[in-house]
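Read the structure below first, then the notes.
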Amino acid sequence: MAKVLVATVKPFAPKAVEEIKKVFDEAGYEMILLEKYEDKNELLKAAANVDALIIRSDKVDKEVIDAASNLKIVVRAGAGYDNVDLDAATAKEVVVMNTPGQNSNAVAELALGMMVYQARSQFNGKPGTELKGKTLGIHAYGNVGKLVAIIAKGFGMDAYAFDPFVDKAVIEADGVKVVDTADDLYKKCQYISLHIPANEKTKQSINYKILSQMPRGATLVNTARKEVIDEAGLLEMLEKRTDFNFISDIAPDCLSDLQEKFPGRFYCTPKKMGAQTAEANINAGIAAAKQIVSFLENGDRTFQVNK
Ligand code: 3PG
């Protein structure tokens, strides 16, 4: 009987856990649940004998891969897999997958919700502004970026996108204008919504130089990863440009500094909550469970990211 560990510091909604368990019950697998663990040793111990692992933003490094000597597959129930050591997994022939698109709507809705929150003076009762007619720059047009564009159109925003990996015609088909460089996007847009993954090319790429081109009263929205922002540059921007706002779903390292120095122009959710909806948890959780069964039973490697 195959054993699957569902290890989530930030647990799935109970309904999602129920649905994941159903998939494994039907396959005749044993599911072990490790939620809200505080010590990495708990993960190392729980992973020791399992064939498969489902995680969220939980870190799966070389130590975890080495400790899990029976491990065949890790599925990151979500989009970004920068929390998994792909080289360590590949070295042990462990397949790593994500579940692209399954939690995207939740993240996209939050991005727009955060824009409304900032536009309305963080709900302090003072007059704010509207999103209608404002320019929105979508930095990376993947599953989340596309949904941000669709929702933003409902608000009457004027959407632009920059993504060198997506065909221009695909973006334009959604009624979104394509710009040729990231600089053009930041120059043009009053709101920038970040949807780039964290990798060697993107880390710290959102720096003072690029931000300083944004128009007056601009707002940067980060529902992606904290690593893509150069925090020294962000601080410089907030200090020099008193019209600039930054709202984030991921706590930056300089969180307390920003909270103290820039009230009203900075906001961060208490916990990363972009994908924290029942729907996103159910969709991503079920997809992860099904991908595991399909891989273990039929060798199906769709969505493998460590090829
Ligand atoms: C993702 O990459 O799917 C999102 O950042 C959500 O992450 P989470 O599952 O840790 O909430």
Side-chain angles (χ1 to χ4, degrees), residues 4-17 19-20 33-38 40 43 52-61 64 74-86 89 96-114 138-148 151 163 165 193-199 201-203 206 220-229 247-253 268-292 302-306:
V4 185
L5 173 66
V6 178
T8 50
V9 167
K10 185 171 60 182
F12 287 119
K15 180 78 184 151
V17 176
E19 296 291 328
I20 294 167
L33 188 61
L34 176 68
E35 293 182 321
K36 294 186 192 170
Y37 56 94
E38 281 166 9
K40 186 180 177 185
L43 175 61
L53 177 58
I54 294 181
I55 50 157
R56 295 185 64 180
S57 288
D58 307 74
K59 283 222 160 13
V60 173
D61 59 12
V64 177
V74 177
V75 182
R76 193 282 190 238
Y81 45 87
D82 47 307
N83 49 325
V84 182
D85 185 334
L86 297 188
V96 181
M97 295 184 185
N98 64 351
T99 65
Q102 300 292 346
N103 60 13
S104 307
N105 188 63
V107 181
E109 284 189 12
L110 185 76
L112 267 297
M114 290 178 84
I138 302 167
H139 194 162
Y141 207 77
N143 292 311
V144 181
K146 187 181 177 70
L147 288 164
V148 164
I151 301 169
D163 192 328
F165 303 103
S193 196
L194 294 175
H195 302 293
I196 45 179
N199 58 40
K201 284 203 175 125
T202 61
K203 277 182 189 166
I206 309 306
L220 175 70
V221 185
N222 188 10
T223 55
R225 290 291 182 272
K226 72 171 179 178
E227 291 83 0
V228 302
I229 294 181
I247 47 179
S248 183
D249 186 35
I250 313 103
D253 292 335
C268 185
T269 54
K271 272 189 184 165
K272 185 177 162 216
M273 51 178 276
Q276 266 310 49
T277 65
E279 293 90 335
N281 288 177
I282 291 167
N283 292 343
I286 292 178
K290 287 188 173 167
Q291 285 171 219
I292 286 172
T302 314
F303 304 121
Q304 181 174 1
V305 294
N306 63 334

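Note that these values count all heavy atoms, side chains included, but never hydrogens, waters or copies made by symmetry. Just follow the structure's listing: the first ligand is 1, and inside any ligand the first atom is 1.
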For ligand 1, would you mind listing the residues that have at least one heavy atom less than 4.0 Å away, ordered by chain and number?
Lys10, Arg56, Ser57, Arg76, Gly78, Ala79, Gly80, Asn103, Arg225, Lys272, Ala275
Just checking, any donor-acceptor pair under 3.5 angstrom between side chains of Ser57 and Lys10?
no
Indicate whether the side chain of Asn306 and that of Tyr81 have a donor and an acceptor atom separated by less than 3.5 Å.
no
Sequence neighbours excluded, the answer for ring-ring contact (aromatic ring centres under 6.0 Å, His included) partners of His139 is Phe162, Tyr186
Report yes or no: do Asn281 and Glu279 form a side-chain donor-acceptor pair below 3.5 Å?
no
Neighbour count above 12 (heavy atom, 6.0 Å) for Lys59 NZ:
no
What's the spacing between His195 NE2 and Leu147 CG if we round to 0.5 Å?
9.5 Å
